[in-house]
Amino acid sequence: MTLDILATAQLSAVIVLVAYAFINKRKPSKPSYPPQIPSFFPWIGSLVGFNYRRGEFLMNCILQYGPVFKILLCGHHLTFVASEEAIQSYLVADGLSTRTQNHSIFGLVASGSSHTQKLCAIASREFFPLLEKRLAKRTLGDVTPGFAEAFFNRLKRFANYQGSLRRSLTEPLYVASNAILLGSRFSPDTYDDYLVFDLSLPNQVSMLPFWSSPSRRAKERLLEHLAKYIEDADTDHDDSLGAILSKALKKHNLTSKEGAPMIFSIEMAAHANMFNVVFWLVTWLLADPSALAAVRDEIDKTVQEEFGGIHGFLVNASPERLQSSSFELLHSTVLETVRLSSLVLGVRDAVRDVDLKDGERVIPIRKGEYVVAMPWAAHRDEGLYPDGHKFIADRFVHNKVREDLVQNPGKPFFSFGGGKHPCPGRLLAIYELKVMAIIYFSLFDVTPVPQGYGSSQWTPPQPSPESTGTFHTTEDVIVKLRPRFDF
């Protein structure tokens, strides 16, 4: 009897919701800007479509409603801006905070909301200023020594390898990045656990229920390792970013277990988007053999003439030397990959009413609402980027970007943010992408292997419709790596 009453109550609630949606749908709506994406249910809004196929959902919204639109998700209004003018306005606006974004990042790895709040407060006061200072142009050269050698030493294990392109790129990148950010005490053998966690991120950042025992156990092992890392930190002599941060955590009387999520946030910032970008850089070059040949010719020539060979490059690969005009095509290829693989910038919440600009139009953002920048459309605007949906390796060769890489004169370039909250790791990311490409293509001839029964021709995979931040891949690429010389 109780079950019957409950079922009747649930059915009645559904009927009321349907009737409410139907009645409101028939009411004449007032013209408004930005347009509101229609949804069948109140409060829930577009939750299902947004979370199950996020990238595809957002791109369809742009195509149907234009580059500025608003959606409702679980009672919260999110305004997406994708035009050049609107994104520029978003980047420089007062009254937009990264508080919610930071809380979400720590929430993925911290236990409990009070713990998350404490970590966010420490991050705002000490972590983010420290990160910006250490990764600034004038000090980046103090951070990067050892990256090229660490990447090379891990990558050479893949000689005569046939298997995952993703792994052959991201494992050496993971080891080398951690070596310069966290020091030698951070074990490179944590890669497999991080990869399991990383592959689950699209599901974890959604507002849908998520359960995954492998991902949970991998995260727990990483946090245990990080807690031990903090306990053993030599805060008097080790000047790595991880050791300095460990000292700050101890100053705030956090236990090593409580502070581990803070170091984990470095892991996520260093790897989450980079794992996708390096995959697409190599994949899109493999799909364009003439571009790959030109990039490799430039790498071979410059490495030999300016560094005396690959071993000289490993020792002397400073950020300043990689800015050489001799790597012009490689620099263009990196920027083109970043342009094409960027989907969404971070979420910002309005701490007061804000009016953004979209040309002559005003985008009203009310206090408590959220704004998300989506460079996908601006980066494909045919008036700004001819054939903007295509990968063109030399697109930026004759159009120099500013040294800070925040924007490109005459063309929008929003992949690294800008304005009040540019990505603090943007210069390190560009450096790492260049070093990766130089070493990878210097060491190996890379051949993609067709997959599937009867396949004789290789085709690159498509971006995943569930992508967040940068485009994820729907499937891996299988490659053969053949050494070009003895090493």
Side-chain angles (χ1 to χ4, degrees), residues 24 27 29-39 41-47 49-51 54-55 57-107 117 120 123-124 128 205-207 342-381 406-407 412-423 468-469:
N24 279 274
K27 289 181 179 178
S29 58
K30 296 179 181 180
S32 63
Y33 189 79
Q36 173 85 39
I37 304 302
S39 56
F41 291 111
W43 192 81
I44 293 175
S46 303
L47 178 67
F50 179 78
N51 279 299
R54 181 169 302 184
F57 174 85
L58 292 174
M59 288 184 279
N60 286 337
C61 287
I62 291 175
L63 294 174
Q64 188 171 356
Y65 296 97
V68 181
F69 56 89
K70 182 176 289 189
I71 66 175
L72 177 66
L73 294 177
C74 296
H76 297 290
H77 290 283
L78 283 78
T79 299
F80 284 79
V81 295
S83 69
E84 177 185 5
E85 297 88 349
I87 295 177
Q88 291 282 16
S89 182
Y90 157 96
L91 292 174
V92 300
D94 289 319
L96 296 182
S97 166
T98 60
R99 178 181 55 196
T100 298
Q101 174 181 291
N102 298 337
H103 191 278
S104 299
I105 291 172
F106 287 117
Q117 292 285 5
C120 285
S124 298
F128 295 140
V205 299
S206 72
M207 287 177 264
S342 299
L343 178 62
V344 173
L345 299 181
V347 178
R348 297 186 185 176
D349 49 307
V351 296
R352 59 175 179 271
D353 289 353
V354 178
D355 285 338
L356 302 182
K357 295 289 187 180
D358 181 26
E360 298 299 320
R361 289 176 159 179
V362 174
I363 308 169
I365 308 296
R366 301 286 73 92
K367 181 180 178 180
E369 295 184 350
Y370 300 98
V371 189
V372 183
M374 190 175 175
W376 177 84
H379 286 174
R380 286 162 177 74
D381 187 330
V406 171
Q407 69 183 57
F413 193 84
F414 300 123
S415 299
F416 297 111
K420 298 179 180 297
H421 302 286
C423 173
T468 59

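Counting begins at 1 with the first residue of the sequence.
Here the OG1-CZ distance, from Thr79 to Arg366, works out to 9.5 Å after rounding to the nearest 0.5 Å. Atom CD1 of residue Ile363 and atom OH of residue Tyr33 lie 5.0 Å apart, to the nearest 0.5 angstrom. Here the CD1-OG1 distance, from Ile105 to Thr100, works out to 11.0 Å after rounding to the nearest 0.5 Å. Atoms CG and CZ, on Leu73 and Phe50 in that order, are 5.5 Å from each other to the nearest 0.5 Å. Here OG of Ser97 is found 10.5 Å from CZ of Arg352. Values are rounded to the nearest 0.5 Å. Taking CD1 of Ile37 as the reference point, atom SG of Cys61 lies at 4.0 Å (rounded to 0.5 Å).
Take Glu85 and apply the salt bridge (charged side-chain N to carboxylate O under 4.0 Å, His left out) test, not counting sequence neighbours, and it matches no residue. Residues passing the ring-ring contact (aromatic ring centres under 6.0 Å, His included) test with Tyr65, sequence neighbours excluded: none. Every residue meeting the side-chain contact (heavy atoms from CB on, under 4.5 Å) condition with Ala93, not counting sequence neighbours, appears here in chain and number order: Leu96, Val354, Leu356. The side chain to side chain donor-acceptor pair (under 3.5 Å) test applied to Thr468 returns no partner, not counting sequence neighbours. Asp358 meets the salt bridge (charged side-chain N to carboxylate O under 4.0 Å, His left out) test with no other residue; sequence neighbours excluded. The side chain to side chain donor-acceptor pair (under 3.5 Å) check on Ser342 picks up Ser415, with sequence neighbours excluded. Under the rule for a salt bridge (charged side-chain N to carboxylate O under 4.0 Å, His left out), Asp381 has no partner lying at least two apart in sequence or in another chain. Applying the salt bridge (charged side-chain N to carboxylate O under 4.0 Å, His left out) rule to Lys357 yields no partners; only residues at least two apart in sequence or on another chain are considered. With sequence neighbours excluded, the residues satisfying side-chain contact (heavy atoms from CB on, under 4.5 Å) with Ile62 are Phe69, Ala82, Met374, Trp376, Ala377. Not counting sequence neighbours, the partners of Tyr370 by the ring-ring contact (aromatic ring centres under 6.0 Å, His included) test are His76. Evaluation of the side chain to side chain donor-acceptor pair (under 3.5 Å) rule for Arg99 yields Asp349 as partners, not counting sequence neighbours.
The shortest non-hydrogen separation linking Val81 to Ala86 is CB-CB, 3.7 Å. The heavy-atom pair separating Ser83 from Val68 by the smallest distance is OG-CG2, 4.3 Å. Scanning all heavy atoms of the two residues, the minimum distance from Ala350 to Ile365 falls at CB-CG2, 3.8 Å. Considering all non-hydrogen atoms of both residues, Gly55 and Leu343 come closest at CA-CD2, 4.0 Å.
Inter-residue side-chain proximity for Pro364 and Pro34 is flagged as met; some heavy-atom pair is nearer than 4.5 Å.
Formation of a donor-acceptor pair under 3.5 Å by the Glu84 side chain with backbone atoms of Ala378 is not found in this model.
Pairs of residues two or more places apart, or lying in two chains, that qualify as salt bridge (charged side-chain N to carboxylate O under 4.0 Å, His left out) and include a residue from residues 62-80 are Lys70-Glu369.
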